[in-house]
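Each remark here refers to the structure printed beneath this line.
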Amino acid sequence: MRYPFSKTEKKWTKKWLDTRIYEPDLDKAKKPFYNLMMFPYPSAEGMHVGNAYAFTGSDIYGRYKRMQGHDVFEPIGLDGFGIHSENYALKMNTHPAEQAEVSEKRFFKQLQEIGNGFAWEERLATFHPDYYKWTQWIFIQMWKQGLVERKKSSVNWCPSCKTVLADEQVVSGRCERCSTDVTKKELEQWFFKITDYAEKLLGNLEKLDWSENIKIAQNNWIGKSEGALVQFPITELEEKIEIFTTRPDTIFGATYMVLAPEHPLVQKLENKISNKKAVEDYITKTKSKTENERIADIKSKTGVELKGVRALNPVNQKEIPIWIADYVLASYGTGAIMAVPGQDERDWEFAEEFKLPIVRTVEPPKNFKGNAYLEDGPAINSDFLDGLDINGAKVKIIKWLKDKNYGESKVNYHLRDWLISRQRYWGAPIPMIYCKKCDWQPAPLKDLPILLPKLKDFRPKGTGEAPLASSSAFYKTKCPKCKGPARRETDVSDTFLDSSWYFYRYINMDKKKEAFNKVRVKKWLPVDMYIGGAEHAVLHLLYSRFLAMAFKDMGLIDFEEPFTALRSHGMIIKEGAKMSKSKGNVVVPDEYIRKFGADTLRMYLMFIGPFQEGGDWRDGGITGIDRFLNRIWNYFESREEFSKKYPSASNSSAREEILPIFHQTIKKVGEDIEDLKYNTAISQLMILFNKMEEPLGDRKGPAKGFAALNSEEHGDFLKLLAPFTPFITEELWEKLGNKYSVHQQEWPEYKDKNLITDEISLIIQVNGKLRGTIQVAREVNEKEATEIARGIDSVKTALGKKKVKKTIFVSGRLINFVIN
RNA sequence: GGGCGAGUGGCGGAACUGGUAUACGCGCACGACUCAAAAUCGUGUCCUGUAAGGGAUGAGGGUUCGAGUCCCUCCUCGCCCACCA
């Protein structure tokens, strides 16, 4: 008989909801455990198998923790604002607000079907006004805290769609939608000053129980570098060029300066320059350069000298030329560098290209064949630094620069401030108001949420203005301070802001006054286990950490790291290839749930590979799990009959055989779940079940398991399976006559004495090669074992007449005879 | 160019702290059941060899009684970031 999954799933889904077994008491829970999974972006195509994979893996962990006695809270929501949803609406010619409702319904239905222990009563969606009211509130708190800034910035621009694009929309230098090369455009933007927390974001990493790969990615992204700021006077002007360098020790080798084309000094110098036209042309050309052209140009350096002005190298008072070149980025450091071609590959290439002088300041080894020399060595051509190594020279030159007022040591970060504004429609309106008299003011809190009006034309406008700018009904308002006429900000906030704080909302969904319910925050946060994809390694996870730090400084919470433990899961590919719509190889979970049931899908997904590494989906593979679950179903069905006939069946030799495996399985499954190694936990369950199912005696005999394990132990077997396959185990648990629910039972315990067998097999090697195995008592000593081993024919043959030089005996494992 | 990770049967993948390589599953072959097929069950399944044996964890070297695991050189693939001074 086949396991009737469809009926069973319906039955238990309803019962779980009715009896609220996945709804912990948020106020009174005794052992709270916040089991969080990264909430999905509800693409309208519905749930991807990748979502099902991530959520199942997270759910198994949560169910395990629940069985260990924790009050597990496992909420779910949707991250529905943002460009993906908006683009989909554009493509389908619908409205994002309508599309969102359709997607929401569909997604929650699919999420319901995968059998997770979700706390449905706390579900949320970021585009609900109840939710984004608090997103806006957070923006205002950040403003009050001095962490919001408005400044000019260059943004991605698609010349064909005539619109601003978010970084996520730029796919290898091209517009995601029309594949046109993306260029840059200067616009005034809102920023969150995440760089204020750079040091803390970096420093705390060490203490976190996170997947190592994510910590490394964050470390690299924050990109701390220690160096110095140095001022180079300009001969023709009072101004100085300030540069950042990590190699102040090479300053004697600075043979020219380079400014980024956008550097503000370039305009100030304009009147002093004799080749103004050429400079202007270069700047125009740079600005129109596409991202791809820039990447293609990495090898060939371009630039223009600012003729008529020169800089003074403070250490030797030599006059050196000033250039502009786009290999220097306006957004990093000070947007200007001292070029040291002898010790920097890019500077070397540039110097070669434009025939600029090259001076080595670090002596390379005699056999060194390259161009720029980056390694350590004694300083040369560097006056009072000569002979020192890099570190020594750095210390000395920084002190010198400081004493002479030319510079100081400085720490720089790769991390930039978080550009929060988007000139798009489908997002939370930024709650700021501009008044000509009073400048920028936050919207009054009583006005929140600033509702996103349902605009008919929500298309990006192409002027650099957001779609909301065409709705005077939206932007016309009064200044909260002087009550004069004022204008609302028409940009919306980045979706990453919505997703940076959703886990505070889950525990406090009441429409009450505060965003943060302090009692519950204390009880439930920080999150105990957070599981999600590694693609969020830097953005989402860094932003969430940043906000937590800011919230702590505001006194809203009393911790600074929001996720105590974090694990990233791998990716599911299909038959060796990444799934994509264009390849048409996307696995849709619904089909398989309909065909095999949710338990089978869940268990198969977890079986294909280690959860943290992902796996390769094969349609054929799922039948293995299908068979496994059906065998279990039939086993328990026949057990019912069997126990009627033989109520106290017990066979000591079967028990002796199975009990150690049974206890080993309890041990291994628990440990493997803790490590998220679900694939091997499932293998172990199969090994045990294969044994239980073996017939006792002849082929027609009853299953060995019946003779070996009692009712309670059969219940324990179901408990071990329960996190993986919640439906079938709940049904069988009931059939065994147990009290509802299997998911609220205590996790079985193993007994050390039952783990081991009296007899073990010892392997016999000669010169490290396997020559035989012997069955011996566990406590066998070296002498006894050696004697038995020498008696084996294959060992005798291998030893021949040679003398045994040495015998290696590893208790419980092997004997190795070393001969020559 | 930088960072991270991975290379094991026909396939997905196991292997504790260096100790029986290929667990578990898929596929395949043969057999049972069946009028037949599907489903199910049983047996077998790294290569080579009749066997004893020999060989094999991307390639090559090293350490060790013993290496998939540790060290060195190289090759291939995947992911992320990329002119970050």
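Residue numbers start from 1 in every chain, and the chains themselves are labelled A, B, ... in the order their sequence lines are given, proteins ahead of strands.
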(request) Looking only at non-hydrogen atoms, find the nearest pair between A:I608 and A:D616 and report the distance. (result) CG2-O, 3.4 Å
(request) Sticking with atom C1', work out how far B:G10 lies from B:C47, rounded to a whole angstrom. (result) 13 Å
(request) Verify whether one side chain among A:T56 and A:Y678 offers a donor that lies under 3.5 Å from an acceptor in the other. (result) no
(message) For A:K704, is there an ion pair with A:E693 - N to carboxylate O distance below 4.0 angstrom?
(response) no
(request) Rounded to the nearest angstrom, tell me the gap between atom NZ in A:K802 and atom C1' in B:C65. (result) 15 Å
(request) Write down the distance separating the C1' atoms in B:G54 and B:C75, rounded off to the nearest Å. (result) 28 Å
(request) Would you classify B:G66 as syn or anti? Syn applies when the glycosidic angle is within 90° of 0. (result) anti
(request) May I have the distance from A:M579 (atom CE) to B:C79 (atom P), rounded to whole angstrom? (result) 14 Å
(message) So does A:A260 get a backbone contact from the side chain of A:Y327, meaning a donor-acceptor N/O pair under 3.5 Å?
(response) no
(message) Let's see if you can work this out: which of B:A85, B:G53, B:G25 has an atom nearest to the side-chain heavy atoms of A:T245?
(response) B:A85
(request) Report the nucleotide, chosen from B:C81, B:C24, B:G27, that has the shortest atom-to-atom distance to any side-chain atom of A:S683. (result) B:C24
(message) Both atom distances under 3.5 Å, Watson-Crick or G-U wobble: I'd like the secondary structure of RNA chain B as a dot-bracket string, with | for pairs made across strands.
(response) (((((((..(((......[....)))((((((.......))))))(((....)))..(((((..]....))))))))))))....
(request) Counting heavy atoms from C-beta on, name the nucleotide in B:A85, B:C84, B:G55 closest to the side chain of A:K769. (result) B:G55
(request) Assign a letter to each nucleotide of nucleotides 9-21 of chain B from its 5' end: B, base within under 4.0 Å of a protein heavy atom; S, sugar-phosphate only; -, no contact. (result) --SBSS-B--BB-
(message) Once you apply a heavy-atom cut-off of 4.0 Å, does A:N630 come out as touching a base, just sugar-phosphate, or nothing?
(response) nothing
(message) Rounded to whole Å, how long is the line connecting atom CZ of A:R631 with atom P of B:G25?
(response) 7 Å
(message) How long is the straight-line distance from CG of A:N767 back to NZ of A:K806, given to the nearest 0.5 Å?
(response) 11.5 Å
(request) Please confirm whether any donor atom in the side chain of A:R416 sits under 3.5 Å from an acceptor in the base of B:C84, or the reverse. (result) yes
(request) Could you check how far CD1 of A:I216 sits from C1' of B:C4, rounded to whole Å? (result) 7 Å
(message) Give me the distance, rounded to whole Å, that separates B:A21 from B:G7 when you measure between the C1' atoms they each carry.
(response) 16 Å
(message) Measure CE/A:M338 against C1'/B:C84 and give the value in whole Å, please.
(response) 15 Å
(message) Can you list everything that forms a ring-ring contact (aromatic ring centres under 6.0 Å, His included) with A:Y406? Sequence neighbours excluded, please.
(response) none
(request) Over all heavy atoms of both residues, which pair between A:Y332 and A:Y413 is shortest? Give the atoms and the distance, please. (result) CE1-O, 3.5 Å
(message) Any side-chain N or O of A:N690 below 4.0 angstrom from OP1/OP2 of B:G25?
(response) yes
(request) Please state the C1' separation for the pair B:A14 and B:U57 - nearest whole angstrom. (result) 12 Å
(message) Any salt bridge linking A:R567 with A:D675? Criterion: basic side-chain nitrogen under 4.0 Å from a carboxylate oxygen.
(response) no
(request) Could you please name the option among B:G25, B:C79, B:C83 that lies closest to any side-chain atom of A:Y327? (result) B:C83
(request) Indicate, with a heavy-atom threshold strictly under 4.0 Å, whether A:V538 touches base, sugar-phosphate, or nothing. (result) nothing
(message) Reading RNA chain B from 5' onward, which residue's closest nucleotide shows up sooner: A:T334 or A:W221?
(response) A:W221
(request) Assess whether one donor atom and one acceptor atom, taken from the side chain of A:K805 and the base of B:C65, lie less than 3.5 Å apart. (result) no
(request) Quickly work out the A:Y3 OH to B:U40 P distance and round it to whole Å. (result) 17 Å
(message) Among A:E349, A:E345, A:E352, A:E353, exactly one meets salt bridge (Lys or Arg N to Asp or Glu O under 4.0 Å) together with A:K301. Which residue is that?
(response) A:E349
(request) Sticking with atom C1', work out how far B:G13 lies from B:G19, rounded to a whole angstrom. (result) 22 Å
(request) Can you tell me the distance, in whole Å, between the NZ atom of A:K215 and the C1' atom of B:C80? (result) 19 Å
(request) Output the single nucleotide from B:G3, B:A85, B:C26 whose closest atom is nearest the side chain of A:T623. (result) B:C26
(request) Provide the distance between the two P atoms, one in B:A52 and one in B:A39, to the nearest whole Å. (result) 37 Å
(request) Could you check which of B:A82, B:C65, B:C4 has an atom nearest any side-chain atom of A:V818? (result) B:C65
(request) Output the distance between atom OG1 (A:T250) and atom CG (A:L385), rounded to the nearest 0.5 Å. (result) 10.0 Å
(request) State, to 0.1 Å, how close A:T786 and A:I815 come at their nearest heavy-atom pair, and which atoms those are. (result) N-CD1, 3.8 Å
(request) Check every strand shown and say whether A:I337 touches a base, only sugar-phosphate, or nothing at a heavy-atom separation below 4.0 Å. (result) base
(message) If the cut-off is 4.0 Å, is A:R627 near the phosphate of B:G27, judged by side-chain N/O to OP1 or OP2?
(response) yes
(message) For the aromatic rings, using the six-membered ring if either is Trp, is the centroid distance between A:Y635 and A:F706 under 6.0 Å?
(response) yes
(request) Check every atom of B:G27, B:C79, B:C83 against the side chain of A:L329 and return the nucleotide holding the closest atom. (result) B:C83
(request) Would you classify A:T797 as touching base, sugar-phosphate or nothing, given that sugar-phosphate means primed atoms plus P, OP1 and OP2, and contacts are heavy atoms under 4.0 Å? (result) nothing
(request) Taking only the side-chain heavy atoms of A:K578 (C-beta and beyond), determine which of B:G25, B:C79, B:A85 contains the nearest atom. (result) B:C79
(message) When the C1' atoms of B:G2 and B:C71 are compared, how many Å lie between them, rounded to an integer?
(response) 24 Å
(message) Roughly how many Å apart are B:C11 and B:U20, using the P atom of each and rounding to a whole number?
(response) 24 Å
(message) Distance check needed: B:C41 C1' versus A:R2 CZ, whole Å only.
(response) 16 Å
(request) Report the residue (A:S794 or A:M686) whose heavy-atom-nearest nucleotide on RNA chain B is the more 5′ of the two. (result) A:M686
(request) From the options A:F689, A:Y3, A:F607, select the one residue that forms a ring-ring contact (aromatic ring centres under 6.0 Å, His included) with A:F628. (result) A:F689
